[in-house]
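Quick caveat, the model's predicted, so the values are computed rather than measured.
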Number of protein chains: 2
Amino acid sequence: MTTKGRPRSFDRDAALDAALHEFWRHGYEATSLAGLTKAMGINPPSLYAAFGDKRRLFTAAVQRYADTHGRYGALALARPTAREAVETMLRLAAAEYAAPGHPPGCLVVDGATNTTDAARDVREELRAVREGNKKAIAAKITADVAAGLLPPGVAEEADALAGFYASVIQGMSTQARDGADRAALERIAEIALRAWPAGPDAGAGADAGAGTDEGAGADAGTGGGTAGA
Amino acid sequence: MTTKGRPRSFDRDAALDAALHEFWRHGYEATSLAGLTKAMGINPPSLYAAFGDKRRLFTAAVQRYADTHGRYGALALARPTAREAVETMLRLAAAEYAAPGHPPGCLVVDGATNTTDAARDVREELRAVREGNKKAIAAKITADVAAGLLPPGVAEEADALAGFYASVIQGMSTQARDGADRAALERIAEIALRAWPAGPDAGAGADAGAGTDEGAGADAGTGGGTAGA
DNA sequence: CGAGTTCTGTAGTGGTCGCTACAGATGAAC
DNA sequence: GTTCATCTGTAGCGACCACTACAGAACTCG
């Protein structure tokens, strides 16, 4: 299978990166073909030949995002414990969302927030990714409860905890887009980690790494009491 | 000054409410004049005579939102203590974001997330409201430190705490738009409140008795003081 | 070389965007 | 009634939207 015909005169990956940045900054529908072709340095027919159409180009950009800037999610979920996974996810998100060289915030969180009815499927595409991440966090928590790393009562609020940390991360994206720098985002992450449930031997305050005020009984009492009531 | 000429044939407030719902659901730029006029039950010339143009109609809709569904923010900030303000804001937001009868989430958070360069000022308008709310929360915290309701060290992280709770609320809006119901949002709010700093006499870690700090801050029945225990 | 294949730039397509000119309709003032 | 001011619906403005027909350019193959 040889490559016949006139060869492509642009770098497909570089063009995809340029498209990704456009979608990242403006969102799906607010990104025009004119803006895309200008940023990518190509003309519409080349775009359509290489990527299909705007809709498929967006999906390709999301995929590329997941493989590059958005890789922190998978990296964090690969950590052995739920606590490490959540902490890693928060801290990597803080660093990534405000990193120079690309638009602030998260493409998956804010890439298709404002859509017409015609682009409802685009919003659904990103929503599915967000919900998948949330479920993955909940699964990590449930697994740690089963492994004895977290008290049994935490199992009942695994979904709630996952929803909380998903909410924080999504809010961090908005904060980054509003101008928060990396330090500010890291402070948000740090405070969010104070809400992590105490270990299985709660009350003794055997906490891994975090807050100065955290190990004490207040949080342990809150979590255990609410869950067990 | 009498009213001469043909009287307006539609209810201006009702039309504004309809426009608000359109902007709320789709965001500023994804809302078309055609969609607005259809939802408002009027024709373009009537819209322009009554509200100026799409841009000014949006600002009027944001103002109406602030006076109605978005009133929870001002209500919460009117509470005497920072703790009550934040707790009230979280719980009212949880109830409001998933309430039936209107689109999910918050207009101020998600009403102008995806914009072209031409509508950058719209995004700025909402960003200013968000940042104002964040600063108001920080001011409440700083005031409570000055009043002795919170330990002096909290003053240094007043901005960080405000950023954290703003982040949670903004994330709750995304969660609501992704389908979270009121109960799920309230669980997020509850977990977020676990990160609230301990009272002024908490440094020694003598807090098994929750009454020390919670008695002043938590109102009856809200669960702010770990109600179930 | 010529034939075959694919890419590239030009120059549009119909459709929708926000917005408005215009004329008829509908009221108050006289 | 007549006059005048304002609103209303129709109909259409130029600009932009995503997208593509077309022809020439640039490559591999025989």
Side-chain angles (χ1 to χ4, degrees), chain A residues 1-16 18-19 22-23 25-61 111-112 114-123 125, chain B residues 1-16 18-19 22-23 25-61 111-112 114-123 125:
Chain A
M1 176 207 159
T2 57
T3 48
K4 224 176 162 188
R6 179 174 178 174
R8 180 177 289 134
S9 67
F10 61 93
D11 183 338
R12 190 184 188 275
D13 282 347
L16 182 53
E22 286 294 299
F23 283 130
R25 185 174 304 279
H26 300 294
Y28 176 72
E29 279 196 302
T31 300
S32 69
L33 255 294
L36 284 169
T37 52
K38 181 179 178 184
M40 299 164 86
I42 61 178
N43 289 309
S46 297
L47 186 154
Y48 279 81
F51 300 103
D53 58 8
K54 184 188 175 185
R55 179 67 186 82
R56 273 172 269 197
L57 174 59
F58 181 77
T59 294
N114 302 142
T115 60
T116 63
D117 289 336
R120 188 180 297 171
D121 64 311
V122 183
R123 198 171 59 190
E125 177 180 340
Chain B
M1 175 202 157
T2 57
T3 49
K4 226 177 161 187
R6 178 176 179 174
R8 179 177 290 133
S9 67
F10 61 93
D11 183 338
R12 190 184 188 276
D13 282 346
L16 181 53
E22 285 295 299
F23 283 130
R25 185 175 304 279
H26 299 293
Y28 176 72
E29 280 195 302
T31 301
S32 69
L33 255 294
L36 285 169
T37 52
K38 181 179 177 183
M40 300 164 85
I42 60 178
N43 288 310
S46 297
L47 187 155
Y48 279 80
F51 300 102
D53 58 6
K54 183 188 175 185
R55 179 68 186 81
R56 274 173 268 197
L57 174 59
F58 181 77
T59 295
N114 302 142
T115 60
T116 64
D117 290 336
R120 188 180 297 170
D121 64 310
V122 183
R123 199 171 57 191
E125 177 180 340

Phosphate-side-chain proximity, B/Ser46 and D/dT8, N/O vs OP1/OP2 below 4.0 Å: yes
Could you tell me the separation between the CG atom of B/Leu16 and the CE atom of B/Met40, rounded to the nearest 0.5 Å? 6.5 Å
Quickly work out the B/Met40 CE to D/dT8 P distance and round it to whole Å. 11 Å
Distance check needed: D/dT28 C1' versus A/Arg8 CZ, whole Å only. 17 Å
Show the nearest heavy-atom pair for residues A/Thr115 and B/Ala30, with the distance to one decimal. C-CB, 3.6 Å
Applying salt bridge (charged side-chain N to carboxylate O under 4.0 Å, His left out), can you list everything that pairs with B/Arg120, at least two apart in sequence or on another chain? B/Asp117
Starting at CG of A/Asn43 and ending at P of C/dT8, how long is that distance when rounded to a whole Å? 9 Å
Considering only residues two or more places apart or on different chains, which pairs with a residue in residues 42-56 of chain B satisfy side chain to side chain donor-acceptor pair (under 3.5 Å)? B/Asp53-B/Arg56, B/Arg55-B/Thr59, B/Arg55-B/Asp121, B/Arg55-B/Glu125
Report the distance from atom CG of B/Leu47 to atom C1' of C/dT20, rounded to the nearest whole Å. 13 Å
In B/S/- notation, 5' to 3', how is nucleotides 14-26 of chain D contacted by protein heavy atoms closer than 4.0 Å? ---SSBBB--BBB
For atom CD1 of B/Ile42 and atom P of D/dT10, their distance in whole Å: 14 Å
Rounded interatomic separation in angstrom, taking CZ from A/Phe10 and C1' from D/dC27: 16 Å
Take B/Phe51 and B/Arg12, measure what side chain to side chain contact (heavy atoms under 4.5 Å, CB included) needs, and give me the verdict at the end. CA-CA 9 Å; B/Phe51 300 102; B/Arg12 190 184 188 276; 3.4 Å; yes
What's the shortest heavy-atom distance between A/Arg123 and A/Ala112, and which atoms? CG-O, 3.0 Å
Measure CZ/A/Arg12 against C1'/C/dT6 and give the value in whole Å, please. 16 Å
